[in-house]
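Just below is one structure, and these are the notes that go with it.
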2 protein chains.
Amino acid sequence: MNTPITVAIVEDKELIRQSLAILVDGADGFACQATFETAEAALDHLPGQCVDVVLMDIDLPGMNGIDCVRHLKQLCPATQFMMCTMYDEDETVFEALKAGANAYILKRSPPHKLLEAITELHEGGSPMSSTIARKIASSFHINPTAPNELDVLTPREREILDRLSKGHSHKEVAAELFVSPTTVRKHIFNIYEKLQVHSKVEAVNKYLGRK
Amino acid sequence: MNTPITVAIVEDKELIRQSLAILVDGADGFACQATFETAEAALDHLPGQCVDVVLMDIDLPGMNGIDCVRHLKQLCPATQFMMCTMYDEDETVFEALKAGANAYILKRSPPHKLLEAITELHEGGSPMSSTIARKIASSFHINPTAPNELDVLTPREREILDRLSKGHSHKEVAAELFVSPTTVRKHIFNIYEKLQVHSKVEAVNKYLGRK
DNA sequence: TAAAAAATCATGCAAATGCGGTATTGTCGG
DNA sequence: CCGACAATACCGCATTTGCATGATTTTTTA
């Protein structure tokens with residue numbers, strides 16, 4: 001047998017932690033090297049052993065699993081983190097990915113799927129539950145049906161706003177569009193009214209969809 | 001048997017197109033309803049029939065598969081698009097997702113995996129090859145080792161830039177930080193020099209990481 | 001075709017901003 | 001202890017910008 005994939009588990013609920021440990025340790029090619037009840041315990045002891053894969057519960061007492069990953073990923077860059085959670089809430093998924101997790105599965109996944117996911121993760125993949133993958137894919141979509149604030153703007157106003165967003169001044173935009181600077185100023189004034197803002201930065205923020 | 005999943009195939013290479021059609025049509029629960037050699041042909045005929053799933057090659061003569069999806073997704077919002085490609089290049093993956101595709105698999109996937117992916121896609125999932133999923137997950141990572149331009153800024157400068165990015169004026173920032181407006185202006189001036197920009201919008205763009 | 005919306009241009013003012021120089025204070029590392 | 005740097009602060013000037021008011025022409029749409 002090849003060297004097994006070493007796994008650590010961070011999970012506060014006794015029953016689940018034990019079940020996972022037994023599942024992983026019992027399977028061929030896997031070795032459960034450590035289990036922790038809290039994020040803090042994992043932070044204390046994991047950096048020393050640097051396992052291959054960490055199964056991380058999100059909803060932990062004290063520090064949550066996402067923040068735990070954020071810290072551990074710095075200390076053990078080679079370790080892969082798989083978030084395990086009961087629910088597939090939007091925000092936590094993205095927060096977990098940002099923190100450095102590479103896999104996100106639901107606890108209700110069947111055991112064999114879990115082991116498969118661990119293997120896949122260890123081999124460089126990023127296993128995700130279908131519904132979670134869909135969320136992620138959707139986040140890329142340029143949503144055409146979004147209740148876009150920018151709809152109230154005319155094409156010309158959008159054109160001008162787009163150039164403002166690139167950091168161009170009134171004068172520059174005027175030159176680019178071959179119109180008078182005063183015209184551009186008028187447009188910008190209209191844009192501000194429609195978007196309910198009072199400065200370029202605010203307008204550009206709305207245009208680029210950042211709050 | 002339930003109503004089968006209706007599938008269309010867009011693929012220029014005769015051999016692959018036929019193979020896929022036979023595979024899909026031969027499988028239980030699937031029906032290949034149409035095949036097209038080009039994006040243009042698909043655009044002409046698909047909107048009328050609105051199938052469940054479209055397998056879309058990316059590298060097509062004339063219009064490419066991504067642009068084709070972009071248009072078709074508008075016309076048939078209910079249809080799911082699965083990109084099929086030989087390679088897993090970075091940019092095309094993201095472009096495809098932005099265009100509205102919900103699945104992205106490699107042609108070298110085994111036949112049963114392909115059928116499984118079609119089913120999963122039709123049921124609301126987003127099947128991806130592991131390597132592609134990893135690319136996507138990685139795109140969310142906030143790379144802590146990135147050569148961040150903002151490193152040259154002092155903490156105080158970042159603080160000020162952060163408030164500017166929220167649309168606050170010199171005066172407002174000064175009030176928030178309990179310092180004189182001239183101090184804030186000086187800081188901003190320094191920020192501009194360090195970031196090599198000449199206006200708030202440009203500075204904020206760099207701060208928030210857009211080009 | 002008449003009314004509404006969009007695009008164009010102008011003038012003017014006050015405030016905000018960009019750019020330059022100068023200076024004081026405190027901290028930190030060599 | 002000294003130099004480098006950060007943070008603080010001021011003065012001044014030219015430009016940009018936010019805001020108001022008004023007007024003409026073109027385009028869209030009802």
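A, B, ... follow the sequence lines: proteins, then strands. Residue 1 opens every chain.
Nearest to the side-chain atoms of V179(B) among the listed nucleotides dT8(C), dA6(D), dT8(D) stands dT8(D).
Straight-line distance from the CD1 atom of I191(A) to the P atom of dA6(C): 12 Å, rounded to whole Å. Here the C1' atom of nucleotide dT25(D) and the NE2 atom of H187(A) are 13 Å apart, to the nearest Å. Rounded to whole Å, the distance from CG on N190(A) to P on dC9(C) is 14 Å. Summarising the geometry, the separation between CD on E157(A) and C1' on dA6(C) is reported as 8 Å, rounded to the nearest angstrom. One interatomic measurement links the two molecules: CD of E202(A) to P of dT17(D), which rounds to 15 Å at whole-angstrom precision. Regarding E159(B), its CD atom lies at a distance of 16 Å from the P atom of dA6(D), rounded to whole Å.
Side-chain contact check for N102(A) versus R134(B): some heavy-atom pair is nearer than 4.5 Å.
The shortest non-hydrogen separation linking V152(A) to K194(A) is O-NZ, 3.1 Å.
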Could you encode protein contacts along nucleotides 13-24 of chain C as a string, one character per nucleotide from 5' to 3', using B for base contact, S for sugar-phosphate-only contact and - for no contact, with a heavy-atom cut-off of under 4.0 Å?
-> ---SBBBS-B--

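T92(A) pairs by the side chain to side chain donor-acceptor pair (under 3.5 Å) definition with Y104(A), not counting sequence neighbours.
In this structure, T182(B) reaches the bases: a heavy-atom distance under 4.0 Å links it to at least one base atom across the strands shown. Here S180(B) lies in heavy-atom contact (under 4.0 Å) with sugar-phosphate atoms only.
K166(B) and D162(B) are joined by a salt bridge, as a carboxylate oxygen and a charged side-chain nitrogen come within less than 4.0 angstrom of each other.
Proximity of a side-chain donor or acceptor of T79(B) to a complementary backbone N or O of V51(B) within less than 3.5 Å is detected.
Side-chain N/O atoms of R156(A) include one lying less than 4.0 angstrom from OP1 or OP2 on dT8(C).
Of the candidates T119(A), L20(A), L106(A), L114(A) forms a side-chain contact (heavy atoms from CB on, under 4.5 Å) with just one, namely L20(A).
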